[in-house]
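Working notes, beginning with the structure itself.
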Amino acid sequence: MLQVKLPDGSVLEFSGRVRPIDVARRISARLAQATLAAKVDGQVVGADAVLPEDGQISLRLLTRKDPEALDVMRHSCAHVMARAVMRLFPGVQLAFGPTVENGFYYDFQLDRPISEEDFPRIEAEMARIITEDEPFEQVFQPREQAIQLCRDLGQSLKVEHLTEGLGDEQTVSFYRQGEFIDLCRGPHVPSARAIGAFKLLSVAGAYWKGDARRQQLQRLYGTAWFTRQQLDQYLKQLEEAKKRDHRALGRRLELFLIDPMVGSGLILWLPKGAVVRRELEEFLYEELQRRGYQLVNTPHIGRVELYERSGHYPYYADSQFPPIQMADGDRYLLKPMNCPHHIMIYKSKPRSYRDLPVRLAELGTVYRFEQSGELSGMTRVRGFTQDDAHIFCTEDQVAEEFRACMEMTQFLFRTVGMEDYRVRLSFRDAASDKYVGSPEAWERAEAALESVCDAMDLPGVEKKRGEAAFYGPKADFIVRDCIGREWQLGTVQLDYNLPSPRRFGLEYIGPDNRPHQPVMIHRAPLGSLERFMGLMIEHFAGAFPLWLAPEQVRVLVVSQKFEGYGRQVEARLREAGLRVAGDYRPEKIGAKIRDAQLELIPYMLVVGQREREAGTVAVRHRRQGDLGPMTVDEALAKLQEEIRSKAPG
């Protein structure tokens, strides 16, 4: 007998073979018609998945109202797209077709390139497939039979994956829809009618299994939504995002550069971009010192043994640069993270409970070998600087230190004008064996984090089981930018693993005069300066607040006759510490104003005969327009107050 516990707490009993769709039918025919998938004990499965014959499970039926159902529908749309491509382009080799944020893609190998001119034909064929409303049927095959099936289908990439990638699997899953069959774990929606509005977006190059030494593939991206209104809203957001693309704005405003001679994913901060970075760094340093952090610096490389001890190598070897082999036999690694270095600083001398908490902070540059297809301007790079800190504290101090980290993150976001965010708390899954540390320590840590967040009245707190880091629970800040996109930025993580005897054996002497293991807190409010800069460029569309703007003020002369007075004003502002330039070209004042606004200069000070005679300037704001005449002292005081208060601009 199977007991099915529903979200409202009620329990239904079944005997024999039963599927989520059967449970839905037991409740109501209307619910059965709306059910697209299900969640069984936290795992998303298809509506036709066979449930256990006895015991008890928790079941949630997924409809259009559930985000998980949208992901399942998009995966089904990827299959429909692949089926359409195979109909239109004979000889296509199928690779993989996962979902991604807001959509999906599928990788194909074929002789001719797919272009955007092909999109209408592919979309029309997809629409025909959806109209036919054929079901998605799951088929299980022994691995050897599956290999032969893929050979018969002429799908050599699937044969290779079955032979190598799934070599340990005895049985594998396919999904069939009409004449189309694809190696896939699923789940999928019951039939094509569940697929809503869709749109093909772009095509890009990719490599088989992300390996640049392997076959070149074509990656076709698309998006799908349950309603046309949702799709139109998303497409509108994409158009706005194109206008704000930090890569294009970064070039136009001369903020940063990526040069292939230097290397993909490696950022060259141009003078104007370096100004913004320096202002952020100084702001962070002031805040760190005010909050009791000790600033440290660590090298860009370390011995491989250090990262073997921490567990980062070889566990994360695929995302690290290869080791540097030295003539004396030593091997070094470009630093993939700062925490092992900070641990060695903590360990450099004996610590007492009176010394704790020890808060070590660094703007530390780290290196990760991201795949070339995943690189994206400043938001996905291979070298980046984290606003990193590690706090070593007693277990009794965890709640207070965690709260302070959360408050600092909130303060930073508020200061830079990004106050639309939610918090995701990630806890362990007690049934999983991937987590280190005692269950008792986890329970205490999770209770402390939950209590702190509840007391802080944080916006939109989401609590997720099974999403914790293997070494401890964590809190992530999910920031929504001004056009509605979400970015995971700040993070605060508890760590019981690295301080443990099996890793670094960190200790402090407690009041009982005996050694104890500290708890380690990892925190990075902004994440990385590169990624945060890319986000800021897009959030502000390049129009930085006055305190961050590379050029804060531009002095504009009505004609060259007033250049002398203009240079006096410029010198006065520069002496006061403002970043100021003058436009003394023999151009009309309207053209100079237009150029300054195109360059997104926050303030323009216009000077002509009237201003020179009165000792004033005509103040213009890039958005508010003409603010009227002010004395130089009045204008300077206004600008300095806006900078001091870090007004959003």
Side-chain angles (χ1 to χ4, degrees), residues 267 276-277 280-298 300 310 312 316 319-320 335-343 345-346 357-368 370 378-393 398 401-416 418 421-426 449 452-453 458 467-479 486-495 497-499 519-536:
I267 303 298
V276 183
R277 174 174 173 148
L280 278 174
E281 288 177 345
E282 290 179 358
F283 170 52
L284 286 168
Y285 282 137
E286 288 175 6
E287 223 19 65
L288 289 169
Q289 291 179 320
R290 192 172 70 84
R291 293 173 183 264
Y293 285 82
Q294 301 175 71
L295 301 177
V296 298
N297 290 105
T298 60
H300 290 245
S310 70
H312 294 117
Y316 296 109
S319 60
Q320 296 171 0
K335 181 171 61 173
M337 52 271 302
N338 299 301
C339 34
H341 296 247
H342 291 189
I343 285 171
I345 292 175
Y346 175 89
V358 173
R359 306 183 188 99
L360 302 179
E362 175 183 18
L363 293 179
T365 301
V366 298
Y367 302 90
R368 313 269 175 88
E370 302 288 356
M378 299 188 93
T379 59
R380 197 73 181 264
V381 294
R382 287 175 172 164
F384 54 95
T385 302
Q386 293 178 310
D387 60 328
D388 218 352
H390 297 92
I391 301 165
F392 304 87
C393 62
V398 164
E401 291 300 314
F402 178 81
R403 181 187 183 104
C405 291
M406 298 291 282
E407 288 175 341
M408 180 176 179
T409 304
Q410 288 181 295
F411 172 75
L412 295 181
F413 287 157
R414 186 166 60 247
T415 302
V416 297
M418 296 180 181
Y421 59 83
R422 57 187 176 88
V423 174
R424 183 173 62 217
L425 280 179
S426 298
L449 266 60
V452 167
C453 290
L458 295 164
E467 297 294 326
F470 71 92
Y471 48 74
K474 63 175 182 171
D476 294 321
F477 282 75
I478 315 299
V479 178
E486 290 193 329
W487 306 71
Q488 193 270 305
L489 290 179
T491 186
V492 185
Q493 305 176 358
L494 296 191
D495 187 351
N497 176 49
L498 291 180
V519 180
M520 187 173 174
I521 300 177
H522 306 245
R523 73 107 190 94
L526 302 184
S528 84
L529 294 184
E530 286 76 8
R531 188 164 186 264
F532 191 73
M533 178 68 165
L535 170 56
M536 280 204 311

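The first residue of the sequence shown is numbered 1, and numbering continues consecutively from there. Atoms considered below: every heavy atom in the structure, side chains included; atoms not considered: hydrogens, waters and symmetry mates.
- The closest donor-acceptor contact from the side chain of Arg523 to the backbone of Gly490 lies at 3.5 Å or more, if one exists at all.
- Judged as a side chain to side chain contact (heavy atoms under 4.5 Å, CB included), and not counting sequence neighbours, the contacts of Thr365 are His300, Tyr367, Thr385.
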Exercise for the section: In sequence, state the C-alpha distance, the side-chain angles, and the governing distance for Leu529 and Phe384, and then conclude on side chain to side chain contact (heavy atoms under 4.5 Å, CB included). Expected result: CA-CA 7 Å; Leu529 294 184; Phe384 54 95; over 6 Å; no
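- Contact between Thr298 and Lys335 at its shortest, heavy atoms only, is OG1-NZ, 2.9 Å.
- Remark: Met533 CE to Met378 CE distance equals 5.5 Å, nearest 0.5 Å.
- Nearest heavy-atom pair across Ile521 and Cys393 is CD1-SG, 4.2 Å.
- Take Glu287 and apply the side chain to side chain donor-acceptor pair (under 3.5 Å) test, not counting sequence neighbours, and it matches Arg290, Arg291.
- Leu489 is linked by a side chain to side chain contact (heavy atoms under 4.5 Å, CB included) to Phe413, Val479, Trp487, Arg531, Phe532, Leu535, counting only residues two or more places apart in sequence or in another chain.
- The CE atom of Met520 sits 13.5 Å away from the CD atom of Glu401 when rounded to the nearest 0.5 Å.
- When all heavy atoms of Cys339 and His312 are compared, the pair lying nearest together is SG-CE1, 3.8 Å.
- Results of the side-chain contact (heavy atoms from CB on, under 4.5 Å) test with Arg359 over Ile391, Leu295, Leu288 single out Ile391 as the only residue that passes.
- Shown here are the salt bridge (Lys or Arg N to Asp or Glu O under 4.0 Å) partners of Glu486, two or more places apart in sequence or in another chain: Arg422, Arg480.
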Exercise for the section: Tell me, with the steps shown, if His341 and Glu362 meet side chain to side chain contact (heavy atoms under 4.5 Å, CB included). Expected result: CA-CA 11 Å; His341 296 247; Glu362 175 183 18; 5.6 Å; no
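- A donor-acceptor pair is defined here as one N or O able to donate and one able to accept, closer than 3.5 Å; no such pair exists between the side chain of Asp388 and the backbone of Gly364.
- Residues satisfying the side chain to side chain contact (heavy atoms under 4.5 Å, CB included) criterion with Thr415, sequence neighbours excluded, are Phe283, Phe411, Trp547, Lys646.
- The shortest non-hydrogen separation linking His390 to Asn338 is CE1-C, 4.2 Å.
- To the nearest 0.5 angstrom, Met406 atom CE is 5.0 Å from Leu458 atom CG.
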Exercise for the section: Could you walk me through whether Leu280 and Met536 pass the side chain to side chain contact (heavy atoms under 4.5 Å, CB included) test, one step at a time? Expected result: CA-CA 11 Å; Leu280 278 174; Met536 280 204 311; 3.7 Å; yes
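- For Asp495, the side chain to side chain donor-acceptor pair (under 3.5 Å) partners at least two apart in sequence or on another chain are His522.
- The two residues Phe402 and Val492 make their nearest non-hydrogen contact at CD1-CG1, 3.6 Å.
- Here the shortest heavy-atom pairing between Leu360 and Ile345 reads CD1-CG2, 3.8 Å.
- Taking 4.5 Å as the limit, every side-chain heavy atom of Leu425 sits out of range of all side-chain heavy atoms of Pro473.
- Here the CZ-CG distance, from Phe477 to Leu526, works out to 11.5 Å after rounding to the nearest 0.5 Å.
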